[in-house]
There are 2 protein chains.
Amino acid sequence: MSTNDATARLAFEVVKTACSNCNLRELCLPIGLDATELRKLDELVSTRRRLKRGDHLYRAGQSFESIYAIRSGFFKTDVLIEDGRDQVTGFQMTGELLGLDGISSEVHTCNAIALEDSEVCAIPFLHLESLSRQIHTLQHHFHQVMSREIVRDHGVMMLLGTMRAEERLAAFLLNLSQRFKARGYSPAEFNLRMSRDEIGSYLGLKLETVSRAFSRFQDEGLLSVHQRKIRILNTAGLKKLMSHQRV
Amino acid sequence: MSTNDATARLAFEVVKTACSNCNLRELCLPIGLDATELRKLDELVSTRRRLKRGDHLYRAGQSFESIYAIRSGFFKTDVLIEDGRDQVTGFQMTGELLGLDGISSEVHTCNAIALEDSEVCAIPFLHLESLSRQIHTLQHHFHQVMSREIVRDHGVMMLLGTMRAEERLAAFLLNLSQRFKARGYSPAEFNLRMSRDEIGSYLGLKLETVSRAFSRFQDEGLLSVHQRKIRILNTAGLKKLMSHQRV
DNA sequence: TGATCGGGTTGACGTGGATCAAACGCCGGG
DNA sequence: CCCGGCGTTTGATCCACGTCAACCCGATCA
């Protein structure tokens, strides 16, 4: 490879990494920034990382330095407690941020694991704080992202605390559907990246219960399910199921 | 009342309100600020609000302008969904912040209700953002507070998703105990500010189940319970109960 | 002092989801 | 092409917690 090739390739990589060129910029941290601000953010988001399916992006206990923006791929986060129990606390997709839990104590409090081959942008947190002292829009947007995470968690608490199995699964599928839609994919047809066991862990159910709920939904004509391939046939029906009044 | 009296009283109020004079400054936003910075924060935290037991500090749907630091008292937050179900998402005490959920959409997403007569400091959020662009320590601390809320929520998800009734109640009591301790109160003896129903809602249980768990703990000599007055007799026992291995 | 009321306790019973167990089907390797 | 393994489905049974209902107790008020 000639020097020119190498340079060209390097330039290409840089372009590929830059926020200003990223097709996620409407979804990710750069929302609302002007050209100058975007350029500053580009400098910040220097490192990219590729992960293979099953790789850990970080582990609970590791020291926290960066948050990560997902460029492509799909992740889960989970927490373990000493006695061996664990729970999936979330599934993250393109444009979403990982690692916010680490800010509080400078140590990651959960594991982040790629559910498919993925690529993330590492954002050194101290740099982000520094830059968001200069760019109000960035600061505010970051606060909104953290707050949105809190609101999302409240939704999950609601789900775990008050919904029954089928309602939980319906809520889960509708949420996924909507997030795929926001990314330009079909809201009606998608592949689950996670196993029944992982869905169950997230929803506070056993995998058998998840499986039965899928079968029931299929029997009722709400979905078609082939392994991890889901087609939503009756969105309204799923929504109705979710708000099934209980005493 | 003479003019002098009024002036004196006003000065007194101001002193009382100032962060620099607040005995919660080690617990609340001012952590780690120097004298100059504290004075700036004082200007920010101008408004105080008193609430009686049962009063709403804010309601879901109201537009978000300020976050609130609890000076004294005790709160719960809860969310409702259309079909009438609701869930308590947290109990907040002295020195803790309320309203972080409102940042994401400029609208409060839950209700905050005083469980006893309380007093809060209103912190206009745009001012806080502006000040935290000037004071790095404040900025970082605020980020930590938001992150801690996320970590706490993960803990609740864990509790709701994997623990059984007695484990949940034990976790809840130990958490309260530790928070009272951090505020200089007895970790072993305290009054619950919330009803069995509210505890149940938070823990994803029915009030009867909560009541039965209390009775069982008392039978086993872990607690003494008289209405809302709790004495923890065997902290280790409660902890052990929490990590009871299941298959 | 007795009546009322709301929160709390306790008991009897029902049920949703966990558990245990078996079988299925897809997929990669020999 | 068959084999072995893993994720999934499905069935039978069990049990923790919900539900329903009665009762209790302390606080408030007439």
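Computed from a predicted structure; not experimentally measured. Naming: A, B, ... by sequence-line order, numbering from 1 per chain.
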> Does some side-chain heavy atom of Val145(A) sit less than 4.5 Å from a side-chain heavy atom of Leu100(A)?
yes

> Hey, does Phe214(B) have a side-chain heavy atom less than 4.5 Å from the side chain of Leu192(B)?
yes

> Any heavy-atom pair between the side chains of Leu173(A) and Leu223(A) that's under 4.5 Å?
yes

> Quick test of your reading of the model: are Glu96(B) and Arg183(B) salt-bridged, counting only N-O distances below 4.0 Å?
yes

> Given dT10(D), is OP1 or OP2 found less than 4.0 Å from the side-chain N or O atoms of Ser215(A)?
yes

> Can you tell me how far P of dG26(D) sits from NZ of Lys229(B), to the nearest Å?
15 Å

> Rounding to a whole Å, what distance do you find between Gln227(B):CD and dG7(C):P?
13 Å

> Under a 4.5 Å cut-off applied to non-hydrogen side-chain atoms, are Gln92(B) and Val120(B) in contact?
no

> Mind calculating the distance between CZ (Arg228(B)) and C1' (dG6(C)) to the nearest angstrom?
10 Å

> Which whole-number value in Å describes the distance from Leu169(A) CG to dG16(C) C1'?
15 Å

> May I ask you to check whether Phe64(A) and Phe125(A) place their ring centres under 6.0 Å from each other?
yes

> Walk me through whether Arg193(B) and Phe91(B) qualify under side-chain contact (heavy atoms from CB on, under 4.5 Å).
CA-CA 9 Å; Arg193(B) 268 68 170 187; Phe91(B) 297 106; over 6 Å; no

> Base of dT19(D), side chain of Arg212(B) - is there a donor-acceptor contact under 3.5 Å?
yes

> Under 4.0 angstrom, heavy atoms only, what part of the nucleic acid is Glu208(B) near: base, sugar-phosphate, or nothing?
base

> Report all interatomic pairs (protein N or O, nucleotide N or O of nucleotides 14-17 of chain D) with separations under 3.5 Å.
from: dC17(D); atom 1: OP1; to: Ala165(B); atom 2: N; distance (Å): 2.7

> I need the CG-P distance between Leu207(A) and dT19(C), as an integer number of Å.
10 Å

> Could you tell me how far apart Arg216(B) (CZ) and dG8(C) (P) are, to the nearest whole angstrom?
21 Å

> Using whole Å, report how far NE2 of His226(A) lies from C1' of dT9(D).
14 Å

> Rounding to a whole Å, what distance do you find between Glu167(A):CD and dG16(C):C1'?
12 Å

> From C-beta outward on Ser195(A), which listed nucleotide comes closest to its side chain: dT8(D), dG7(C), dT9(D)?
dT8(D)

